[in-house]
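We number each residue from 1, following the sequence as shown.
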Amino acid sequence: MEELSPIEPVVRQPVFIGRNKELTIYNNWLAQDQAVSTLFVVSGMGGIGKSALLAKMNHDTKEKGIHTIFLDGSICPHAPSGFMEYLHMLIHPYQHGASIDVLIHNPLERKIILYLDHFDELTALHSWFINAFLPHLAASGIGIVLATRKSVASPLIRTISLPLTHFTYEETLKYINAVSSLPLKQAHQLASKSDGFPLGLALATDMITKSRKADIRIVSQTISAKLLKEVTAASLHPLMEVLIVMEYANQEMLAAVLQRPIGLEEYRAMQELSFVDLHPYGLKLHDIAKNYLKQDFQMREPSRLASLRNTCMQVLYQQLTDTSSTDRAVITSALLKMNRDIWPKNNAYLNFASTTTKVETDHIVESDIPILHDLVEDWCSYSVDPEHNQNYHDFLDALIELDPESILLLRNQQHLPIGMFITVHFTTKTAPLLLHHFRADLEACFTPEGCRQAALQADTFVPILITATEHHLPYTRQELTGMLMMEQLAKLEPGKRAILVATNESLRHFLRTIGFKSRPAGDIRCDTSWAKAEVLELDLRKGAFEDWIFDLVPFKQKQISSLTTEETRKILHSIKSTIELEKYTDHFTDCATGHAVQTKIMSIMEQSEQLTSDQRDVLWNSFIRFPDNAVRAAEMCNMSRATFYRYQKKAIHQLTNILSS
């Protein structure tokens, strides 16, 4: 888009989509009779559509009969005198012999708009343009529209900042449908892959429409090459790779990962790149740039990417053990997000497949309440029996009055709620409300004295529900709940615990994999008509926080020894003893404890489609129900002992294959 003709292009893409907010602000200024001279700063990373917006503004403004002047910074002279001469040359024939005086005095009191694309190319003129040129413009009627990667401002002229973001999902689909005739399903797939990034969208659409065997990965490589053109110094490439992996990094962190000093000059050079943003704790890559660069890195050098991730995790983990409590949540969040790739992507309740988030977390406002009740009603439809629905609606209303900070929302680009996570801090303030609505759950979690102590010590969080809409097209419900789960996990801290009652097996399985301990609820009031309830608890009150993070993000690659059929048989014989199972953790990448091994095996035996129903019955009766009574186990399977042993041998062999895959 930005490589096309730089002088007064009418359009820089086949169709113009979106940017309604920016155009409205600009057009409102145009409509004013005595408009104060204004600097409009259109900013954003390379490929985000700055040039396309300037072209649209220029075209529409000229259609209204307003005088416009279009300059391209990539071909402008880089000295003040040369710039002024070049500007005069453009004005003179266009304004019938007028000079640059029309900008300084505006004698006819008409609007004149000066567009300056690629302002970043005029590095030597930045200070002069902002501090010397702009202050001399007429007080009214003059509009200056800059396209720049990093936002600029002038205290000497009214400035309106117009930072550009990616397209919404709806805008992305509109573009695809306008320039192609792709089937609806393929259009939706392309919309998700492009992340609403205009450059990526244009490249991908063009590739798919022109080739029957289009490889969408080439789009990532093409965009990566374009982005990295900005990184002119070879010494900056290793720093860029660290930012591809890490959520953020400052000079000290970059030096720790790369094992060399990072000079202030290098650091500032990184900061100047269009796709590098400031983070409260250092620098970070723009989400879209990070996504494309990481995809390219993964395709080119997957092993080196994995090695770099491990190094970065070790640096962050060391910071976590040394840091103050105020920084702990930030570091924890960074560790969790770095490790997103190994988190579930096929869990029926939540997954972490999405890498680029176009949503934001927020807290509740009054206009959200009807939508939140819709989300609760939807959640109730698959989580509780109908007679309990009203209790959750009543609880939501009461919680909004008592403690609205307990409700974390996920919002779309229209700022409407699309997901919700209710996690109540159990204190003397909130305990009466929870006891009123969820007494059975609390009595399953605590003894009466434990409940009182938990409220007094305020060391416990009680997750109530997590839900999201099915109608936010860019993401599935499971991906949205995964985003919410990530936000809440990052807020856990030493000295606290989380405890809940859950009936959904997919949710329970995930919580067990991240360190929650489970036990039967022991109270039928907590069950649903289709599932038994369990109490799940993550207790970080005894200094186990760093150990939990260490197990959760295993940056040291485990040396996995091969699993034999005989070892699987021994594991099954020990399935009821988590202590005995500790000796088998080295056979699994995702099991750091005996409890984790037990949970993994039990889950496969209960629901894996890779085992037949007969194989599941044989294993269950052999090692769970009647571990010391083969005769009884064979009877329960309606088999002779010879048939039973034959089926058992095949089932153990198949289980070994599943565990080894």
Side-chain angles (χ1 to χ4, degrees), residues 349 364 372-373 375-377 379-380 382-408 420-467 481 484-485 488-489 491-493 495-512 514-542 544:
Y349 200 91
I364 190 171
L372 301 191
H373 278 288
L375 288 171
V376 166
E377 187 64 28
W379 178 85
C380 288
Y382 58 82
S383 300
V384 297
D385 289 305
E387 61 267 24
H388 298 298
N389 289 17
Q390 189 58 46
N391 182 53
Y392 283 89
H393 287 286
D394 294 341
F395 171 74
L396 175 62
D397 286 332
L399 187 64
I400 290 170
E401 291 293 326
L402 179 69
D403 190 19
E405 295 296 307
S406 298
I407 305 171
L408 180 68
M420 170 174 59
F421 198 162
I422 299 177
T423 305
V424 180
H425 190 197
F426 192 65
T427 65
T428 53
K429 174 185 174 183
T430 59
L433 177 64
L434 288 173
L435 284 165
H436 177 72
H437 289 277
F438 305 111
R439 179 173 291 276
D441 288 8
L442 291 182
E443 289 178 352
C445 293
F446 306 107
T447 63
E449 177 58 23
C451 186
R452 191 179 75 86
Q453 287 298 321
L456 289 173
Q457 295 173 12
D459 59 5
T460 301
F461 291 94
V462 182
I464 303 297
L465 65 87
I466 177 173
T467 185
T481 53
L484 283 163
M485 180 67 79
Q488 289 291 43
L489 284 175
K491 294 176 183 177
L492 281 174
E493 56 184 309
K496 303 292 184 182
R497 67 172 166 178
I499 190 167
L500 71 153
V501 173
T503 55
N504 186 287
E505 180 52 34
S506 295
L507 176 61
R508 294 192 313 221
H509 175 68
F510 169 72
L511 294 177
R512 293 188 203 107
I514 64 171
F516 277 75
K517 307 299 182 184
S518 65
R519 65 178 187 271
D523 190 329
I524 61 173
R525 294 176 298 169
C526 300
D527 299 341
T528 64
S529 58
W530 62 85
K532 293 289 186 181
E534 287 185 12
V535 176
L536 292 111
E537 181 177 8
L538 179 64
D539 194 343
L540 305 176
R541 294 176 300 172
K542 299 178 181 178

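- Put simply, the side chain of Leu456 does not reach to within 4.5 Å of the side chain of Thr427, judged on heavy atoms.
- Interatomic distance, His393 NE2 to Gln390 CD, rounded to the nearest 0.5 Å: 6.0 Å.
- Residues Gln488 and Thr423 meet the side-chain proximity criterion, which asks for heavy atoms closer than 4.5 Å.
- The residue from Lys517, Arg512, Arg497 that alone fulfils the salt bridge (Lys or Arg N to Asp or Glu O under 4.0 Å) condition with Glu537 is Arg497.
- No side-chain heavy atom of Leu408 sits under 4.5 Å from any side-chain heavy atom of Met420.
- A distance of 14.5 Å separates CH2 in Trp379 from CG in Leu372, rounded to the nearest 0.5 Å.
- At most 12 heavy atoms of other shown residues, nucleotides or ligands fall within 6.0 angstrom of atom NE2 in His436.
- Contact check for Ile464 versus His437: no side-chain heavy atoms found under the 4.5 Å cut-off.
- Contact check for Phe446 versus Thr460: side-chain heavy atoms found under the 4.5 Å cut-off.
- Atom OG of Ser406 is separated from atom CG of Leu396 by 11.0 Å, given to the nearest 0.5 angstrom.
- Contact between Ala521 and Val535 at its shortest, heavy atoms only, is CA-CG2, 3.9 Å.
- A side-chain donor-acceptor contact under 3.5 Å links Asp539 to the backbone of Arg541.
- Remark: the backbone N or O of Ala444 is not paired with any side-chain donor or acceptor of Asp523 at under 3.5 angstrom.
- Distance alone, capped at 3.5 Å, is enough to place a donor-acceptor pair between the Asp385 side chain and the Ser529 backbone.
- Taken to the nearest 0.5 Å, the CG atom of Asp441 stands 9.0 Å off from the CG atom of Leu500.
- Considering all non-hydrogen atoms of both residues, Leu536 and Leu511 come closest at CD2-CB, 3.9 Å.
- Relative orientation of the Tyr382 and Tyr349 rings is perpendicular, given thresholds of 30° and 60° on the angle between their planes.
- Looking at heavy atoms from C-beta onward, Glu534 lies out of side-chain contact with Asn504 at the 4.5 angstrom threshold.
- The SG atom of Cys380 sits 11.0 Å away from the NE2 atom of His373 when rounded to the nearest 0.5 Å.
- Side-chain contact between Lys532 and Thr503 is absent, with no heavy atoms from C-beta onward closer than 4.5 Å.
- Residues satisfying the side-chain hydrogen bond (donor to acceptor under 3.5 Å, both in side chains) test with His425, not counting sequence neighbours, are none.
- Looking at Leu434 and Leu442, their side chains come closer than 4.5 Å, going by heavy atoms from C-beta outward.
- Side-chain N or O atoms of Arg508 include none that pairs as donor or acceptor with a backbone N or O of Ala533 at under 3.5 Å.
- The aromatic rings of Tyr392 and Phe438 lie tilted to each other, with the angle between the two planes from 30° to 60°.
- In this structure, Ile422 CD1 and Ile407 CD1 are separated by 5.0 Å, a value rounded to the nearest 0.5 Å.
- Taking all atoms of both residues into account, the shortest heavy-atom contact from Pro463 to Phe421 is CB-CE2, 4.0 Å.
- Using a 3.5 Å distance cut-off with no hydrogens or angles, the side chains of Thr430 and Asp403 do not pair a donor with an acceptor.
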